[in-house]
Amino acid sequence: MRQLARKLWGLARPRPAPLGCAWQEGAMVGVRLQALGKREAAAYGVKTLSVSAHAWGGEQLAQGLVTGLPWQPLQAELNAGKVQVALACPQAWVACGEYAAEGTGKQQAVLADIQVLAAQAVGEDYSQVCFDAQEGAAGAWRWWATSGHWVRQVQADLKSMGWRLDRVTPQQWAQQHALSRLEGGESSLQARPPMDWQFSREPQHAPDKVLEWLQTWGATAQGVRLAACGMALAG
Amino acid sequence: MRHGIGGVTMNPAINLLRYPDGERRELRRWAWMALGAGVLLGTLGMQLLTWQVQARLELDALEHQREQARRVAISEQARLAKVQQELHERRLRWQEQVSHMLGQQAQAVPVWQLLAQSGVQQGVSFGRLQWSGDRWTLQGQAPDMSAVVRMRDELLVRQGLRSELKTWATVVNAGSGAFQLEWTWPSAGAKP
């Protein structure tokens, strides 16, 4: 009964902002954003971890998140088990592809075909792969996939701590999402520390310009922070 | 809005958890919501149905009570009308009886006067003249039966009363007898 009441209360109250996370070899970043009015949000906290693991497992990732993020404002939520995690997945961990649907195939059938393709690309069983797919023009579908095995491991480890994994997104998408909303654009990446980054709710830079900046900054440490901010923004 | 990254068109919302687990979760969530909504609507429907049935029963009971009251009122009205009718008829009967009695009383006076005159001439004495309804009875004493017969004839001639000598009893050693005459009035041929 108490659990039911807690769930109902959880549905009724506004959802808290997610904890955006991103990592690459040797470093993991967690970002919590704070609203500064209607349009802007500032990077609330950035924590860089030195992690030696090359191949990330769910347990390592979860432990890294927990031990690496003892931020005071988050501590209450951490203790109450209210943290929602949005994770940017390194591009190397994401397989992507295109699928041309024949005629006006039903969406379920198209998704089933894509699931098979995604499982083959990731090298997992059909039922294990995690993927997303979106329909473009003229029946052209674009899909992204990652290993369902490690995603479920991360989910299980986070769940044991009362956390919840809400979103897993390719890192490039998260970077582009954040950079298109970063106040000052590339100059902020160059001149401001991540703690002082500010973002708008809507994109304010042209996609071409964003892509150009990402070619320079995408693979750097700033790029990882940017991806974490993108996940916190997208939540 | 679409943004290009590395020459690839990307939508703003990619979530690798969407399929297949997220979709299943979403379907389950919708199923539960639909179930909850169904239960809620069903409960509301049942409640409304119950209210409607209850209201209908209450209205029927009220209507039944009104119908009963209406029937009782009609029955009472009919009873009162019947009582009034009976009273009216009884009053008419009384009026008729009273009128009849007044007529008899009015008739009794000349009859008695005639009897008195005739009786004196015939030597008849009268004891009592009484009537019950249309039936008149005269009792008295006469020296003989022929005096009574003469008086009876005189009644017929002068008053049109066709009387009948009912009893004659001779009193031994007294030279007279007791008689009783009876007639009906009003009768055909009787004078008013």
Side-chain angles (χ1 to χ4, degrees), chain A residues 86-87 89 91 93-98 108 111-112 114-115 118-119 122 126-137 140 142-148 151-152 154-155 165-177 179-180 202-203 205-208 210-211 214-215 218 234-235, chain B residues 1-70:
Chain A
L87 202 57
C89 185
Q91 209 61 31
W93 289 46
V94 178
C96 60
E98 292 181 351
Q108 291 299 323
L111 288 173
I114 290 176
Q115 189 168 355
V122 174
Y126 173 85
S127 61
Q128 291 292 317
V129 67
C130 288
F131 72 101
D132 194 1
Q134 292 168 1
E135 187 177 12
R142 181 81 182 159
W143 56 263
W144 302 264
T146 190
S147 163
V151 166
R152 289 187 184 86
V154 171
Q155 279 179 321
L165 185 61
D166 271 356
R167 178 184 290 270
V168 176
T169 297
Q171 188 166 301
Q172 276 189 349
W173 181 90
Q175 289 172 334
Q176 183 266 338
H177 189 75
L179 192 50
S180 65
E202 301 296 330
H205 305 298
D208 294 344
V210 171
L211 288 175
L214 277 182
Q215 285 178 356
Chain B
M1 178 177 288
R2 291 170 180 270
H3 305 280
I5 295 180
V8 175
T9 301
M10 297 176 69
N11 279 329
I14 297 175
N15 186 2
L16 299 180
L17 301 182
R18 194 186 311 273
Y19 300 110
D21 293 350
E23 188 189 29
R24 289 198 203 108
R25 265 198 305 275
E26 190 71 7
L27 286 174
R28 276 199 298 271
R29 196 168 69 88
W30 278 108
W32 278 110
M33 284 181 66
L35 181 66
V39 168
L40 188 65
L41 286 175
T43 307
L44 281 175
M46 285 297 293
Q47 190 64 47
L48 281 174
L49 200 62
T50 306
W51 284 342
Q52 191 186 12
V53 168
Q54 194 174 352
R56 169 63 59 192
L57 288 176
E58 288 176 0
L59 281 176
D60 286 349
L62 197 60
E63 188 65 26
H64 182 69
Q65 286 179 355
R66 284 181 181 164
E67 183 64 22
Q68 287 291 102
R70 198 170 66 87

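Chain identifiers are assigned alphabetically (A, B, ...) following the order of the sequence lines, protein sequences preceding nucleic acid strands; residue numbering begins at 1 within each chain.
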Check whether B:Asp21 gets within reach of chain A through its side chain, its backbone, both or neither, counting any heavy atom under 4.5 Å. side chain
Heavy-atom donor-acceptor pair, A:Gln134 side chain to B:Ala13 backbone, under 3.5 Å: yes
Would the distance check show the side chain of B:Asn15 and the main-chain N or O of A:Asp166 forming a donor-acceptor pair, the cut-off being under 3.5 Å? yes
More than 12 non-hydrogen atoms from neighbouring residues, nucleotides or ligands closer than 6.0 Å to CD on B:Gln47, yes or no? yes
Under a 4.5 Å heavy-atom cut-off, does chain B meet the side chain of A:Ala118, its backbone, both or neither? neither
Between A:Leu165 and chain B, which part of the residue has a heavy atom less than 4.5 Å away: side chain, backbone, both or neither? both
Hey, which of A:Thr146, A:Val129, A:Leu87 is the one that makes side-chain contact (heavy atoms from CB on, under 4.5 Å) with A:Val151? A:Thr146
Can you say whether A:Val94 sits under 4.5 Å from chain B via the side chain, the backbone, both, or neither, judging by heavy atoms? side chain
